[in-house]
Amino acid sequence: MLQLSNISKKYKENPVLEGVSLELDYGIYGLLGPNGAGKSTLMNIITGNLKASGGQVYWDGTDILRLGSAYRSIIGYAPQQQEMYDSFSGKQILSYMATLKGISKLEMKKEIERVLSYVNMTEAANRRIGTYSGGMKQRILIAQAILGNPKLIVLDEPTAGLDPKERVKIRERISDLSGDKVILVSTHIVSDIEQIAKKIILIKEGKIVDCDTVEKLCMKYESSNSLENLYMQIFGEDEVHA
């Protein structure tokens, strides 16, 4: 279980996150909110890439700061930015990440083949990253996130900038991962998460607005008969249709 206890983050006294507390057990969770809501900051704190100004993150009751390097074997992370070495092949990137995760050389080849097949990138594995489309880069990011079969997977805007067909492919791959894992997916596009999420976490201006199933959220906000309408009601944006 992933537990967030009163997480806050400030930059030069400007609050980005305030009092974020959540408990997530196995399943897919959508972190939904407009750009600038604090989604990426929260994800970077969960992954240990950023230190919170206050509060703690726990995995199965242990502070992730105490877990230290062991946390890398528990977590898989795909950041929003597609910053990879263009001169590397997809397979080289995965080998590099597998080494960082502590996967042994005996297991590495089979594990890389597994994740490449999972994201349908086996045939392009030896091509340079610089020749990949945006969707192919995104699939490689997801592949490296699931190396080593982590129990916690964090995906930050995994379909950002992709065309509708690629977004469907990515959504299907994420859905297939669910089962014995905690999967947190940040997005501002409702259709990317509505059908696959166990619960939706609504975040606005660094604060959790609500957290519940799609059905219960729509019942709570009586003027909304869909998650898209609910999004518009709470956030007042049309990015939902992007």
Side-chain angles (χ1 to χ4, degrees), residues 1-4 7 16-17 20-47 57 59 75-81 119 138-139 141-142 145-146 150-162 164 166-221 224-242:
M1 176 181 287
L2 177 69
Q3 298 166 291
L4 310 181
I7 296 295
V16 179
L17 295 172
V20 174
S21 294
L22 292 166
E23 289 190 2
L24 311 181
D25 56 11
Y26 296 132
I28 298 174
Y29 295 82
L31 182 61
L32 192 62
N35 288 326
K39 300 190 301 295
S40 292
T41 299
L42 182 58
M43 289 197 152
N44 273 295
I45 290 172
I46 290 170
T47 57
V57 179
W59 177 256
I75 190 169
Y77 175 49
Q80 180 179 352
Q81 293 80 12
V119 297
Q138 210 67 11
R139 279 185 272 161
L141 281 174
I142 291 175
I146 64 175
K151 291 295 185 181
L152 171 60
I153 298 174
V154 178
L155 308 174
D156 191 359
E157 298 279 3
T159 63
L162 303 186
E166 283 286 2
R167 279 164 48 192
V168 170
K169 290 178 184 177
I170 296 295
R171 184 167 68 235
E172 290 173 347
R173 297 294 83 188
I174 295 169
S175 179
D176 290 343
L177 287 170
S178 61
D180 63 344
K181 305 179 188 303
V182 177
I183 303 174
L184 181 61
V185 183
S186 134
T187 185
H188 63 277
I189 304 174
V190 168
S191 60
D192 284 345
I193 199 67
E194 184 171 14
Q195 300 300 319
I196 65 173
K198 176 180 180 178
K199 287 186 178 181
I200 299 293
I201 304 161
L202 301 173
I203 185 169
K204 182 178 182 180
E205 296 177 352
K207 298 179 181 180
I208 302 300
V209 176
D210 212 330
C211 176
D212 218 325
T213 64
V214 172
E215 181 181 6
K216 288 183 178 179
L217 284 172
C218 290
M219 289 175 63
K220 286 181 186 179
Y221 299 84
S224 301
N225 55 15
S226 73
L227 192 59
E228 288 192 4
N229 289 341
L230 185 152
Y231 185 100
M232 291 292 294
Q233 179 182 339
I234 294 175
F235 302 120
E237 292 198 354
D238 58 7
E239 283 184 281
V240 64
H241 301 296

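Because the structure is a prediction, the values reported are computed rather than measured.
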Going through the checks in order, is the side chain to side chain contact (heavy atoms under 4.5 Å, CB included) test met by Ile196 and Ile174?
-> CA-CA 8 Å; Ile196 65 173; Ile174 295 169; 4.0 Å; yes
Give me the atom names and distance for the closest heavy-atom approach of [X] to [Y].
{"X": "Val185", "Y": "Met43", "answer": "C-CE, 3.8 Å"}
{"X": "Thr159", "Y": "Arg167", "answer": "CB-CG, 3.4 Å"}
{"X": "Val20", "Y": "Gly206", "answer": "CG2-O, 3.7 Å"}
{"X": "Pro158", "Y": "Ser186", "answer": "CD-O, 3.5 Å"}

Please identify each residue that fulfils side chain to side chain contact (heavy atoms under 4.5 Å, CB included) with [X], with sequence neighbours left out.
{"X": "Val16", "value": "Tyr11, Thr41"}
{"X": "Ala78", "value": "Leu141, Gln144, Ala145, Leu155"}
{"X": "Asp25", "value": "Met1, Tyr29, Lys198"}
{"X": "Lys169", "value": "Glu166"}

Contacts of type side-chain hydrogen bond (donor to acceptor under 3.5 Å, both in side chains), residue [X], not counting sequence neighbours:
{"X": "Lys151", "answer": "Asp180"}
{"X": "Thr187", "answer": "none"}
{"X": "Arg173", "answer": "Asp176"}

With rounding to the nearest 0.5 angstrom, report the [atom1] to [atom2] distance, [X] to [Y].
{"X": "Ile208", "Y": "Ser21", "atom1": "CD1", "atom2": "OG", "value": "9.0 Å"}
{"X": "Ile146", "Y": "Ile183", "atom1": "CD1", "atom2": "CD1", "value": "9.5 Å"}
{"X": "Glu23", "Y": "Cys211", "atom1": "CD", "atom2": "SG", "value": "10.5 Å"}
{"X": "Ile28", "Y": "Ile193", "atom1": "CD1", "atom2": "CD1", "value": "6.5 Å"}

So do [Y] and [X] actually touch side chain to side chain, heavy atoms under 4.5 Å?
{"X": "Val154", "Y": "Leu152", "value": "yes"}
{"X": "Ile200", "Y": "Leu227", "value": "yes"}
{"X": "Leu4", "Y": "Leu42", "value": "yes"}
{"X": "Ile201", "Y": "Leu24", "value": "yes"}
{"X": "Val57", "Y": "Leu2", "value": "yes"}
{"X": "Leu202", "Y": "Phe235", "value": "yes"}
{"X": "Ile75", "Y": "Pro150", "value": "no"}
{"X": "Leu17", "Y": "Ile203", "value": "yes"}

Does any pair with a residue in residues 207-220 pass side chain to side chain donor-acceptor pair (under 3.5 Å), and if so which ones, sequence neighbours excluded?
->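 Sorted result for residues 207-220: Asp210-Lys220, Asp210-Tyr221, Asp212-Lys220.
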Within the side chain of Ser175, is there an N or O that forms a donor-acceptor pair under 3.5 Å with the backbone of Arg171?
->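 Not at all, since once roles are kept as given, no pair shorter than 3.5 Å links the two residues.
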Residues that Lys199 engages under salt bridge (Lys or Arg N to Asp or Glu O under 4.0 Å), provided they are two or more places apart =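 Per chain and number, Lys199 pairs via salt bridge (Lys or Arg N to Asp or Glu O under 4.0 Å) with no residue.
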Give every residue pair that meets the salt bridge (charged side-chain N to carboxylate O under 4.0 Å, His left out) criterion with at least one member in residues 30-42, sequence neighbours excluded.
->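 Output for this query lists Lys39-Glu157.
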